[in-house]
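Starting from 1, each residue takes its place in the sequence as its number. Side chains included, hydrogens not; waters and symmetry mates left out as well; all remaining heavy atoms used.
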Amino acid sequence: MPKIQAPTVAEHRAAQRAALLDAARALLSEETERAPSLAAVARRAGLARSSVYAYFKSRDDLLDALIVDTFPRWSAYVRQQMGKARTPGDRVLAYVNANLRLVARGDHALARALAATGRTDALANSSRLLHDELQTPLRAALADHGAYDPDRTAELIQSLVYSLSQMIEDGLAERAARRLARELLAPYLNSAPTRPT
């Protein structure tokens, strides 16, 4: 039996699994057109190829696990950034900036790479869950800000995030994208909307 590198077998297995997911994530971000082989993932993680099968039955199983692992990280990061903001308007801007940061560092490219590998069902389901999960704190921030229709306003802000994400992927610097978002949203976020009666 190989020597474990953690206090317990369960912690060792969790660390090995995380190392394999990180290796797959790195390989996919380097080559977005095709999924890495299990052998390549094992090599990148510094593990024997045979040990990969203790965690994943196939490459598709590994990719599905990567999808399930990636989106909660995205959500946690966005929520963490929103939690640091002082005002509802600042929380909305933090939502936009956090999403743009993740796009700029390549997380969105990973989602596109996963889509290109054919894992469209798992990806679509996870994307829908991520969208729904992220809309909750955004809508709450907008409601606290006094938005007349927080649901539709959240969709408008998400459209802005999507457009700026595309611009980043086409070469626009993250800083420039954030500036554009702030320029567009600041007049609204720095005011106190009044709901029509």
query = What are the two closest non-hydrogen atoms of L62 and A24, and how far apart are they?
reply = CD2-CB, 4.1 Å
ask   = When rounded to the nearest 0.5 angstrom, what distance separates OG in S51 from CG in L38?
value = 10.0 Å
remark   = Heavy-atom nearest pair, L63 first then L28, reads CD2-CD1, 3.9 Å
note = For L20 and V41 the tightest heavy-atom approach is O-CG1, 3.5 Å
task = Quick one: pull up CG in D64 and CZ in R59 and give me the separation to the nearest 0.5 Å.
result = 12.5 Å
task = Decide whether L160 and L156 are clustered together by the hydrophobic rule: side chain heavy atoms of Ile, Leu, Val, Met, Phe, Trp, Tyr closer than 4.5 Å, transitively.
result = no
query = Are any of the side-chain heavy atoms of P88 and R91 separated by less than 4.5 Å?
reply = yes
task = Would you check if the side chain of H145 reaches a backbone N or O of S191 as a donor-acceptor pair within less than 3.5 Å?
result = yes
key: Residues that R182 engages under side-chain hydrogen bond (donor to acceptor under 3.5 Å, both in side chains), provided they are two or more places apart   = none
remark   = In this structure, CG of N97 is separated from CG of L102 (nearest 0.5 Å) by 11.0 Å
task = Locate the shortest heavy-atom distance separating F56 from L21; write the atom from each residue and the value.
result = CZ-CD2, 4.0 Å
Point-to-point distance, once rounded to the nearest 0.5 Å, from CD of E155 to CG of L138 = 9.0 Å
Spacing of L164 atom CG and S159 atom OG [to the nearest 0.5 Å] = 11.0 Å
request  = Could you list the residues that satisfy salt bridge (charged side-chain N to carboxylate O under 4.0 Å, His left out) with R101, not counting sequence neighbours?
outcome  = E174
query = Which heavy atom in R73 sits nearest to a heavy atom in D69, and how many Å separate them?
reply = NE-OD2, 3.2 Å
remark   = The salt bridge (charged side-chain N to carboxylate O under 4.0 Å, His left out) partners of R179 (sequence neighbours excluded) come to none
ask   = Hey, what do you get for CG (N99) to CD1 (I157), rounding to the nearest 0.5 Å?
value = 11.0 Å
ask   = If you look at every heavy atom in A94 and M82, which pair is closest and at what distance?
value = CB-CA, 3.9 Å
task = Please examine the side chains of Q16 and L47, heavy atoms only from C-beta on, and report whether any two atoms are closer than 4.5 Å.
result = yes
query = Hey, does the side chain of R13 reach the backbone of A54 with a donor-acceptor pair shorter than 3.5 angstrom?
reply = yes
inquiry  = Against R139, only a single residue in T153, D144, D151 fulfils side chain to side chain contact (heavy atoms under 4.5 Å, CB included); can you say which?
reply    = D151
